[in-house]
S.K.: 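Pasting a structure here, questions to come.
From a predicted model like this one, the values you see are computed outputs, not experimental measurements.
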Amino acid sequence: MPYFLGIETSGMETGVCLLKEETEFLILKSAAEGKHQENLFLLLKDLFSHFRIQPSDLTGIGVTIGPGMFTSLRVGLAAAKALSLPHKIPIKGIDTFLGLTQTFYNLFPEEEETIIPVIDAKRNQVYAQVYKRKEKNSEPLLTFPEEIVKRYPDAIFFGSGIKSYTEAFFPAKKVNLFFPSPEAICQLAKEAITRGEIDDPSELVPFYIKEPDIRV
C-alpha cells in the first residue's frame with residue numbers, strides 16, 4: 001500500500017502530510033514559530049502512529065528545499081534524509097515556488113491570471129517566480145517588491161513576501177497564502193516519484209538563490 005510523506009519547513013510553521021493511496025491523508029502543523037527541530041519529529045511520530053505504520057513503510061518522501069529560512073530548510077532536509085537513507089525510500093526535493101503555486105491552485109483550480117509567489121529575501125527584497133496557467137513564465141528572480149508589482153500590475157501575488165512588505169504590495173492583487181501546504185509538497189513529490197523523478201539524498205541541498213546571478 002503506497003504511503004507518501006510531505007515535509008514543509010520553509011517558513012515559520014512546521015508541517016507534515018501523509019497520503020495513503022489516493023484518498024486518505026492527514027495534515028499536522030505546529031504554529032510554534034521557528035521551532036522546527038523541536039516540533040518536526042513529534043509531528044512525524046503522531047503521523048506514523050495515526051496510520052499505524054513505520055518509516056520503512058513509506059513509498060516516497062517530499063521535502064521543501066527553498067528558497068526560505070536557512071536553518072529551517074536544513075531541519076526539514078535532515079529529517080527527510082534520515083528517513084530516506086536507511087530504508088532506501090525515494091526522495092524528491094520541491095522548491096518553495098512550486099510548492100506555493102500548487103497550494104494556490106489547490107485553492108483556486110480555475111484561476112487563469114498570472115500568479116507570482118513572492119518569498120521574503122530580507123534586505124527589502126523578495127524572491128519571485130512568474131506562473132501562468134500552472135506553467136513557469138520566468139526564471140527565479142531576486143528583486144524589490146515595488147519593482148515586481150510595477151512590472152506585473154495585473155498579477156496575483158502570494159507568499160511570505162506580501163506579509164513582510166505589506167506597503168509595497170498594498171496596490172497589488174493578492175491572496176493571504178504565505179507558505180506551501182504540506183499537502184502540496186506531498187502531492188508534488190508523489191507525482192514526481194511516480195514519474196521516476198527521484199533525487200539522490202546525498203546530493204540534495206537547500207536551494208538558495210544567489211544575488212549576482214538573478215538580480216533584475
S.K.: Taking atom NZ of K132 as the centre, report whether more than 12 heavy atoms of other residues, nucleotides or ligands fall under 6.0 Å from it.
M.R.: yes
S.K.: Look only at the side chain of N39 and the backbone of S30, and say whether a donor-acceptor pair between them is shorter than 3.5 Å.
M.R.: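 It does not hold such a pair.
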S.K.: Among residues at least two apart in sequence or on other chains, which ones pass side chain to side chain donor-acceptor pair (under 3.5 Å) with T9?
M.R.: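 With neighbours one apart ignored, the set is empty.
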S.K.: Apply ring pair (Phe, Tyr, Trp, His ring centres under 6.0 Å) to F170 and list each qualifying residue two or more places apart in sequence or on a separate chain.
M.R.: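 Scan of F170 (ring pair (Phe, Tyr, Trp, His ring centres under 6.0 Å), adjacent residues dropped) gives none.
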S.K.: With a 4.0 Å cut-off, would you call R195 and E197 a salt bridge?
M.R.: yes
S.K.: Step by step, would you call S10 with L73 a side-chain contact (heavy atoms from CB on, under 4.5 Å)?
M.R.: CA-CA 5 Å; S10 66; L73 292 171; 3.9 Å; yes
S.K.: Between S49 (side chain only) and K45 (backbone N and O only), is there a donor and an acceptor less than 3.5 Å apart?
M.R.: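 No, the answer is negative, given that no donor and acceptor are paired below the 3.5 Å cut-off.
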S.K.: Set out, in order, the CA-CA distance, both residues' side-chain angles and the distance that settles side-chain contact (heavy atoms from CB on, under 4.5 Å) for T14 and L28, then state yes or no.
M.R.: CA-CA 8 Å; T14 310; L28 298 178; over 6 Å; no
S.K.: My understanding is that only residues two or more places apart in sequence, or in another chain, count here; which of them pass ring pair (Phe, Tyr, Trp, His ring centres under 6.0 Å) with F158?
M.R.: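 For F158 the ring pair (Phe, Tyr, Trp, His ring centres under 6.0 Å) partners, ignoring immediate neighbours, are F104.
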S.K.: Minimum heavy-atom separation for P182 and K29, please, with both atom names.
M.R.: CD-CE, 3.7 Å
S.K.: Would you name the heavy atoms of A128 and I148 that are closest together and state the gap between them?
M.R.: CB-CD1, 4.3 Å
S.K.: Let me see the working for I65 and V205 under side-chain contact (heavy atoms from CB on, under 4.5 Å), right down to the final yes or no.
M.R.: CA-CA 7 Å; I65 59 171; V205 296; over 6 Å; no
S.K.: What is the minimum heavy-atom distance between C17 and I27, and which atoms define it?
M.R.: SG-CG1, 3.9 Å
S.K.: Enumerate the salt bridge (Lys or Arg N to Asp or Glu O under 4.0 Å) contacts for residues 172-192, please, sequence neighbours excluded, ordered by first and then second residue.
M.R.: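 Residue pairs with at least one partner in residues 172-192: E22-K190.
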S.K.: Among L100, V130, D95, T96, which one satisfies side chain to side chain contact (heavy atoms under 4.5 Å, CB included) with P117?
M.R.: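 Result: among L100, V130, D95, T96, L100 is the only option passing the side chain to side chain contact (heavy atoms under 4.5 Å, CB included) with P117.
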S.K.: Closest heavy-atom contact between C186 and L19?
M.R.: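 Minimum heavy-atom separation between C186 and L19: SG-CB, 3.7 Å.
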S.K.: Under the side chain to side chain contact (heavy atoms under 4.5 Å, CB included) test against S84, which residue among V63, L204, I91, I198 passes?
M.R.: I91
S.K.: Against I162, only a single residue in V118, V126, V175, I116 fulfils side chain to side chain contact (heavy atoms under 4.5 Å, CB included); can you say which?
M.R.: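 When side chain to side chain contact (heavy atoms under 4.5 Å, CB included) is applied between I162 and each of V118, V126, V175, I116, only V118 qualifies.
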S.K.: Kindly give the heavy-atom pair with the smallest separation between P180 and G99, and that separation in Å.
M.R.: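 Where P180 meets G99 most closely, the heavy atoms are CB-C, 3.7 Å.
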S.K.: Quick one: are P206 and R74 in side-chain contact, heavy atoms under 4.5 Å?
M.R.: yes
S.K.: Look at the rings of F70 and Y208 and say which category their plane angle falls in: under 30° parallel, 30 to 60° tilted, over 60° perpendicular.
M.R.: parallel
S.K.: Do D120 and Y127 have a side chain donor and acceptor closer than 3.5 Å?
M.R.: no
S.K.: Looking at every non-hydrogen atom in both residues, tell me the closest pair between P201 and K81 and how far apart they are.
M.R.: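 In terms of heavy atoms, the two residues are closest at O-CE, 2.9 Å.
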S.K.: Using atom types as modelled and distance alone, determine if a side-chain donor or acceptor of K92 lies under 3.5 Å from a backbone N or O of I193.
M.R.: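 No; judged by distance alone, with no hydrogens or angles, the pair does not exist.
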S.K.: Are the side chains of Y3 and F48 in touch, meaning some heavy atoms are under 4.5 Å apart?
M.R.: no
S.K.: Would you please name every residue forming a ring pair (Phe, Tyr, Trp, His ring centres under 6.0 Å) with F169, sequence neighbours left out?
M.R.: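 Checked F169 against ring pair (Phe, Tyr, Trp, His ring centres under 6.0 Å); matches are F157.
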S.K.: Counting distance only, does the side-chain N/O of T103 pair as donor-acceptor with the main-chain N or O of A184 below 3.5 Å?
M.R.: no
S.K.: Using modelled atom types only, decide if a donor and an acceptor are shared between the side chain of D57 and the backbone of I53 within a distance under 3.5 Å.
M.R.: no
S.K.: Looking only at side chains, do S72 and H36 share a donor and an acceptor under 3.5 Å apart?
M.R.: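 There is such a pair between these side chains.
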S.K.: Judged by modelled atom types alone, do S138 and Q129 share a side-chain donor-acceptor pair under 3.5 Å?
M.R.: no
S.K.: Against the six-membered ring of F178, is K163 placed for a cation-pi contact (under 6.0 Å from the centre, within 45° of the normal)?
M.R.: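 Yes, cation above the ring, under 6.0 Å and within 45°.
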S.K.: Between F51 and L26, does the side-chain contact (heavy atoms from CB on, under 4.5 Å) criterion hold? Intermediate values first, please.
M.R.: CA-CA 9 Å; F51 283 96; L26 178 67; 3.7 Å; yes
S.K.: Is a side-chain N or O of Q54 found less than 3.5 angstrom from the main chain of S56, in a donor-acceptor match?
M.R.: no
S.K.: Who pairs with Y105 by ring pair (Phe, Tyr, Trp, His ring centres under 6.0 Å), at least two apart in sequence or on another chain?
M.R.: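 In terms of ring pair (Phe, Tyr, Trp, His ring centres under 6.0 Å), with neighbours along the sequence ignored, Y105 is linked to no residue.
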